[in-house]
Amino acid sequence: MTTLTLAYPESTVHEATAAAIIRVLEANDVEPEIVTGPKSILATMLKNQEIDLYVSAWLPDEDGALLTPGVLPLGTLFHPEICCCIPGENAAYTSLADLAQAGPELSRTIITPASLVAHMEKVLDVYGLAAAGFTLAPSPDAEAIAALNTILTRGDLAIMPLYQPCFLFHQGGFRILTDPKKALGEEQTARLLLRQGLRDELEQDLVDELDELLLSAKIISAMDYAMHVEGMNADEAAEAWQRGRLLPR
């Protein structure tokens with residue numbers, strides 16, 4: 001059995017994605033040794049060829065810095081997207097362009113995952129929200145998403161910056177605001193990253209299977225929901241996906 005080092009950043013979304021990849025590897029007699037940690041540390045390890053397979057890079061913009069010489073992107077797993085949302089599927093607001101004129105019923109404090117602060121600073125600038133009194137309240141991603149879930153549960157009227165996939169998208173109960181000025185950037189593509197030379201070391205059938213594997217943001221959101229809400233671990237969620245138990249057919 002071949003062994004390789006697989007790495008993913010510390011988040012349940014990346015853990016869910018990795019779990020799906022791990023099942024493919026193990027079915028092809030490849031045993032992964034798992035490394036997790038902050039993205040900055042993993043980036044250095046990938047550059048130094050201390051990681052064989054990185055799951056997953058959101059390209060071209062979010063993780064473009066990971067594409068150092070020799071690193072090979074592979075596959076199209078799903079299409080991540082950064083969104084601003086608002087509680088209520090039939091909320092009165094439909095666009096970021098509407099919010100500067102919103103009344104006092106809309107909270108001016110925007111709880112913001114740390115990874116989305118730069119994006120939200122651009123939103124405040126492009127749509128004139130800073131001048132309208134909106135401010136960001138950043139916190140680590142997991143803490144911010146938990147706080148946004150509480151806002152959603154209470155039905156408070158507030159802007160919710162989220163990245164998709166995320167378990168809240170499987171849970172629902174909110175509207176995605178349109179972004180006519182593209183302040184949040186374009187849709188990304190989640191891809192695997194292989195260290196230099198790894199593709200030639202793997203069986204071609206495995207390379208082809210990884211290259212052709214399609215997950216979708218909907219699947220990863222459902223796996224993330226299973227982990228956050230239903231108490232599954234990542235491997236259990238990946239098995240439930242493979243057996244068709246996560247999403248209605």
Side-chain angles (χ1 to χ4, degrees), residues 9-14 38-40 43 56-67 78-190 217 220-221 224 228:
E10 294 173 319
S11 82
T12 54
V13 165
H14 286 292
K39 190 181 294 184
S40 58
S56 62
W58 294 5
L59 303 172
D61 302 322
E62 294 300 305
D63 294 324
L66 294 173
L67 289 176
F78 56 88
H79 294 288
E81 189 174 7
I82 299 169
C83 309
C84 278
C85 308
I86 198 160
E89 293 176 352
N90 298 310
Y93 303 104
T94 61
S95 172
L96 285 168
D98 301 335
L99 302 184
Q101 288 76 43
E105 72 279 0
L106 180 62
S107 173
R108 265 44 183 177
T109 300
I110 306 175
I111 295 173
T112 306
S115 64
L116 301 185
V117 168
H119 294 281
M120 289 306 298
E121 287 174 342
K122 187 173 181 180
V123 166
L124 263 60
D125 178 51
V126 168
Y127 289 103
L129 298 186
F134 289 86
T135 59
L136 304 183
S139 60
D141 283 21
E143 293 178 19
I145 291 170
L148 292 171
N149 189 28
T150 299
I151 286 173
L152 186 59
T153 301
R154 292 196 307 243
D156 297 344
L157 199 57
I159 301 170
M160 301 168 54
L162 293 169
Y163 48 79
Q164 185 176 194
C166 167
F167 75 95
L168 293 180
F169 286 90
H170 185 74
Q171 184 171 295
F174 55 84
R175 164 174 276 172
I176 299 174
L177 298 169
T178 62
D179 178 15
K181 298 182 180 180
K182 300 295 184 183
L184 290 168
E186 300 292 341
E187 182 182 79
Q188 303 292 291
T189 299
I220 299 301
S221 292
D224 196 39
H228 273 275

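- Listed here is the closest heavy atom pair of Ile111 and Pro113: O-CD, 4.0 Å.
- Checking side-chain atoms of Ser95 against main-chain N and O of Leu177 turns up no donor-acceptor pair under 3.5 Å.
- Heavy-atom minimum distance, Pro161 versus Leu148: O-CD1, 3.4 Å.
- Listed by chain and residue number, Lys39 satisfy the salt bridge (charged side-chain N to carboxylate O under 4.0 Å, His left out) test with Asp63 (two or more places apart in sequence, or in another chain).
- The distance from atom NE2 of His228 to atom OG1 of Thr12, rounded to the nearest 0.5 Å, is 3.0 Å.
- Between Phe174 and Phe169, the two ring planes are perpendicular [angle over 60°; tilted spans 30° to 60°].
- Annotation: the span from Glu187 atom CD to Gln164 atom CD amounts to 9.0 Å, rounded to 0.5 Å.
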Derivation of the side-chain contact (heavy atoms from CB on, under 4.5 Å) call for Ile145 and Tyr163: CA-CA 10 Å; Ile145 291 170; Tyr163 48 79; 3.2 Å; yes
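- Formation of a donor-acceptor pair under 3.5 Å by the Tyr127 side chain with backbone atoms of Lys181 is found in this model.
- Expressed to the nearest 0.5 Å, how far CG of Asp179 lies from CD of Glu186 amounts to 9.0 Å.
- The backbone N or O of Leu152 sits nowhere less than 3.5 Å from a side-chain atom of Arg154 that would complete a donor-acceptor pair.
- Of all heavy-atom pairs between Ala190 and Ser56, the closest is CB-OG, 3.8 Å.
- Minimum heavy-atom separation, Leu99 to Ile159: CD1-CD1, 3.4 Å.
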For a quick test of your reading: what N or O donor-acceptor pairs under 3.5 Å do the side chains of residues 78-91 make, sequence neighbours left out?
unit_1, atom_1, unit_2, atom_2, d
His79, ND1, Gln188, O, 3.2
His79, ND1, Thr189, OG1, 3.3
Glu89, OE2, Gly173, N, 3.3

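- To the nearest 0.5 Å, the span separating CG on Leu162 from CG on Leu116 amounts to 8.0 Å.
- Considering only heavy atoms from C-beta on, Ile110 stays 4.5 Å or farther from Val123 through its side chain.
- The minimum heavy-atom distance linking Leu66 with Ala43 is given by the pair CD2-CB, 3.3 Å.
- Interatomic distance, CG of Leu136 versus CG of Leu124, reported as 5.0 Å (0.5 Å rounding).
- No side-chain heavy atom of Asp141 sits under 4.5 Å from any side-chain heavy atom of Ser11.
- Heavy atoms only, all atoms of each residue included: Ser107 and Phe134 are closest at O-CE2, 3.4 Å.
- Between Asp224 and His170 there is no side-chain heavy-atom pair separated by less than 4.5 Å.
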